[in-house]
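Below is one structure, written out as structure tokens, with a few remarks after it.
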Amino acid sequence: SNHKQQQQQQQQQTSTEPCRWRLLDEHGRQTWHYLQTDEETRSWPQSAADKYHLGLATGLPDLPPAKTPLASVDNALSFFSQLQLPPGNWGCEYGGPMFLLPGLIVTWYVTETPIPEAYRIEIKNYLFARQNPQDGGWGLHIEAESSVFGTAMNYTALRLLGAAAEEPRMIRARGLLHEMGGAVNGPHWAKFWLSVLGVCKWDVVNPVPPELWLLPDWVPIAPWRWWIHMRQVFLPMSFVYSRRWSHPPDPLTSQLRQELFTQPFDSIDFLSHRNSISPRDNFHPKTWFLNTINWTLVNIWNPYLRTSSLVDRAEAWTWNLIQREDENTDYANLGPVNGPMNFLACYIQEGSNSYSVRRHRERMDDFLWVKAEGMLMNGTNGVQNWDTSFLIQAVVEAGLAQEYKWRPMLIKALEYLEDSQIREDCRDQEVSYRHPRKGAWAFSTKDQGYTVSDCTAEGVKAVMMLQNISGFPRMLSEERIHDAIDILLTMQNASGGCSSYEPTRGSEYMEYLNAAEVFGRIMVEYDYPECTTACVTALSLFTQHYPNYRKDDIAVFKGRALAYIRKAQRADGSWYGSWGICFTYAGMFALESLASVGEIYSNSERVRRGCQFLLDKQMDDGGWGENYRSCETGVYSQHENSQVVQTAWACIALMEAEYPDKGPIEKALTMIMKRQQVNGEWLQEAIEGVFNKSCMISYPNYKFIFPIKALGMFAKRFGNDRLL
Ligand code: LAN
């Protein structure tokens with residue numbers, strides 16, 4: 001009974017003590033730990049970074065007010081350098097998407113994984129903190145309007161974490177869910193997770209046939225051709241779907257069966273709701289083509305043609321591919337959706353105590369992050385390589401790499417990049433359809449280990465800027481730099497552009513089979529001005545220092561890449577951005593590409609149009625502010641407030657283009673400097689990043705990195721005169 005009492009007390013406990021949380025960073029693997037005893041807290045003190053991320057006072061000093069751009073950079077670096085983590089990388093919250101935690105919570109629940117009490121409390125806090133105040137629901141991402149996906153899934157997650165159905169905030173959420181027609185109106189992924197949990201019947205899930213993995217490679221729709229995130233989610237999903245595995249009903253899920261729908265569970269004809277979807281979720285409606293295929297799969301293929309030997313073969317092969325993904329990443333997995341799903345597949349196949357399940361359990365912690373609002377799930381296992389590479393570049397661009405003061409920070413950062421460059425290709429590269437990776441950098445860590453074109457490019461640029469330009473020790477040999485260049489040279493598409501993880505493997509028509517409903521442009525790799533620019537500028541910098549290595553390949557690559565950049569420009573002078581919001585972000589990259597081959601304002605009509613597009617958007621206070629609606633609609637959408645990050649992007653774009661009048665840039669940077677706090681930091685503003693057109697994602701370190709770069713570039717070009 002003592003134990004029971006304790007449990008009850010815990011149930012009531014609604015927050016943890018912020019002073020007990022610590023971030024551990026082992027070679028970039030970031031996990032949060034809640035220290036139970038005072039002895040532990042004494043022997044592992046909280047760092048400034050811990051405090052900052054938890055929203056506690058950092059104790060970092062007030063600084064002399066900055067009057068000049070370089071003084072502002074100095075203040076910013078004084079602050080930001082204190083957030084560098086021991087291995088040399090920077091970390092941060094990488095939240096935004098609101099559909100990740102529910103997948104994890106359902107997985108934990110059905111795999112009988114105990115949730116540490118401190119996690120349980122803080123995840124609950126986060127989900128409640130992010131409940132939309134207007135209507136009590138949740139959307140696809142933190143700034144989105146409520147949808148069935150967000151509301152049904154986060155409501156379910158909260159119930160699994162112990163929130164009571166009668167709690168007022170839950171009553172409100174349920175009311176909204178019912179107004180939207182209940183969980184049967186959720187998108188495909190919601191229906192999948194709810195069926196796994198046993199609160200929907202599998203009939204409601206549109207087919208996810210693992211047989212597709214048996215198609216020969218030449219078939220135009222074979223899964224190996226899909227965008228890597230889609231096929232790696234489809235993989236474990238198809239395995240679980242094939243088994244129609246569900247958690248056996250228990251008292252809690254029986255209650256959920258009654259709470260999530262507008263009519264009694266037993267009276268619901270789940271099969272008839274396969275295609276039910278609320279208009280709020282239907283961002284990318286399914287095509288008649290996909291609907292026909294689904295109909296055929298449900299009514300003809302599954303009942304009559306799907307023989308048991310075919311099922312066995314399909315399940316055996318998908319299971320094999322799941323294991324390869326697990327082994328190649330040491331169970332870190334590509335991302336936050338396939339991670340929990342692979343975990344679930346291992347549980348179904350190998351049972352609760354298997355090595356695979358135990359290792360997956362540990363790896364889930366890599367995705368979690370604690371902040372003042374509570375605990376959230378990051379969009380990847382971190383932003384390590386990406387932000388660290390950019391910070392190095394910003395300091396070098398600002399002309400500060402030689403400064404004694406910043407040397408320890410930069411050495412550490414270089415050590416991190418050294419440690420995290422991928423040194424070997426995957427063991428089963430061909431069979432598991434992996435792109436070469438020796439010499440590449442991933443977005444996050446070496447364990448995750450997926451080549452990304454621009455992460456490799458930004459990484460190798462940062463290394464060269466330190467080693468070849470700024471006289472830093474050669475931690476990466478010439479051979480390793482060549483390895484990175486070799487990878488970049490594999491990344492080009494027939495169009496001349498570059499994609500994210502691999503060159504495009506399938507046709508754009510594959511989008512007709514996009515079944516996710518909530519995302520656009522997900523089925524195959526596309527060309528991106530951002531990724532293309534990163535590759536072009538890395539190759540340019542490389543040839544300056546290694547003029548002979550693969551000279552001709554590089555020249556051809558660059559010529560074709562530039563042709564793509566020119567072609568991707570819209571008539572109004574803009575470029576559409578896919579990974580940051582939106583035209584401002586892509587404009588910065590595209591103009592940098594053009595400048596890297598000498599195409600600038602004075603000699604290029606197209607650059608003038610690019611600059612004019614941006615200048616027309618400058619706001620009265622000198623800043624830029626673009627709303628995330630741009631990403632959804634493809635039309636520039638003005639934010640009501642100017643944003644430090646986008647203002648920095650626009651300034652960098654104009655300076656790259658050598659826009660002749662420093663007036664607008666000076667005005668913009670003055671605005672940025674006015675927003676800097678006395679300790680050198682900038683405060684968080686609107687969300688910065690995006691993926692798949694509809695989902696926004698946070699890049700909190702951008703508010704340091706890009707102002708530092710813009711201010712530094714300005715001082716270099718126009719002098720370090722007083723602006724304030
Ligand atoms: C990312 C994050 C980084 C991003 C850049 C490097 C910025 C970009 O230039 C290339 C694409 C890449 C690597 C990228 C791809 C898609 C990711 C992994 C994400 C936006 C972070 C989260 C997102 C992932 C797909 C989220 C899980 C959701 C699914 C729909 C599977």
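Atoms within a ligand are numbered from 1 in the order they appear, just like the ligands themselves.
Taking a 4.0 Å cut-off on heavy atoms, Trp189 registers as neighbouring ligand 1. The shell of residues lying under 4.0 angstrom from ligand 1, judged by heavy atoms, includes His229. Heavy atoms of Gln232 stay at 4.0 angstrom or farther from ligand 1.
For Asp419 and His27, the side-chain atoms include at least one donor-acceptor pair closer than 3.5 Å. Between the side chains of Ser500 and Glu525, a donor-acceptor pair is found at a separation under 3.5 Å. A side-chain N or O of Ser444 and one of Asn381 form a donor-acceptor pair less than 3.5 Å apart. Under 3.5 Å, the side chains of Asn333 and Asn338 contain no donor-acceptor pair of N or O atoms. Judged by distance alone, the side chains of Ser278 and Asp281 do bring a donor and an acceptor atom under 3.5 Å apart. A donor-acceptor pair shorter than 3.5 Å cannot be found between the side chains of Glu626 and Gln643.
Of the listed residues (Val233, Thr456, Val337), the one carrying the non-hydrogen atom nearest atom 27 (C) of ligand 1 is Val337. Counting heavy atoms only, Trp579 comes closest to atom 8 (C) of ligand 1 of the residues Tyr501, Phe519, Trp579, Tyr585. For atom 21 (C) of ligand 1, the candidate residues are Tyr94, Tyr450, Phe691, Phe443; the nearest heavy-atom contact is made by Tyr94.
Numbered from 1 in the order shown, with element, the atoms of ligand 1 that lie under 4.0 Å from a heavy atom of Gly379 read 22 (C). When each atom of ligand 1 is checked for a heavy atom of Cys455 under 4.0 Å away, the hits are 6 (C). Of all atoms in ligand 1, numbered sequentially from 1 with element shown, those under 4.0 Å from a heavy atom of Met230 are 30 (C). Per-residue contacts place Tyr699 under 4.0 angstrom from the following atoms of ligand 1 (heavy atoms of the residue considered): 2 (C), 3 (C), 7 (C). Less than 4.0 angstrom separates some heavy atom of Thr380 from each of these atoms of ligand 1: 21 (C). Listed by number with element, the atoms of ligand 1 under 4.0 Å from a non-hydrogen atom of Asn692 are 30 (C).
Within the 6.0 Å centre-distance limit, the rings of Trp189 and Phe519 are counted as a close aromatic pair. His229 and Tyr501 have their aromatic ring centers within a separation under 6.0 angstrom. You'll find the ring centres of Tyr450 and Phe443 outside the 6.0 Å limit.
The residue Ile522 has no part lying near ligand 1, judged by heavy-atom distances below 4.0 Å. The proximity of Tyr528 to ligand 1, defined as any non-hydrogen pair under 4.0 Å, does not occur for either the backbone or the side chain. Under 4.0 Å from ligand 1, the heavy atoms of Trp227 that appear belong solely to its side chain. Residue Leu100 does not touch ligand 1, judged by heavy-atom distances below 4.0 Å.
In terms of polar-atom proximity, Asp454 is counted as a contact of ligand 1, with an N or O under 3.5 Å from an N or O of the ligand.
Exactly one of Thr111, Asp326, Asn342, Thr113 qualifies for a side-chain hydrogen bond (donor to acceptor under 3.5 Å, both in side chains) with His360. That residue is Asp326.
With Phe343 as the aromatic partner, Arg361 does not meet the cation-pi criteria of under 6.0 angstrom to the ring centre and within 45 degrees of the ring axis.
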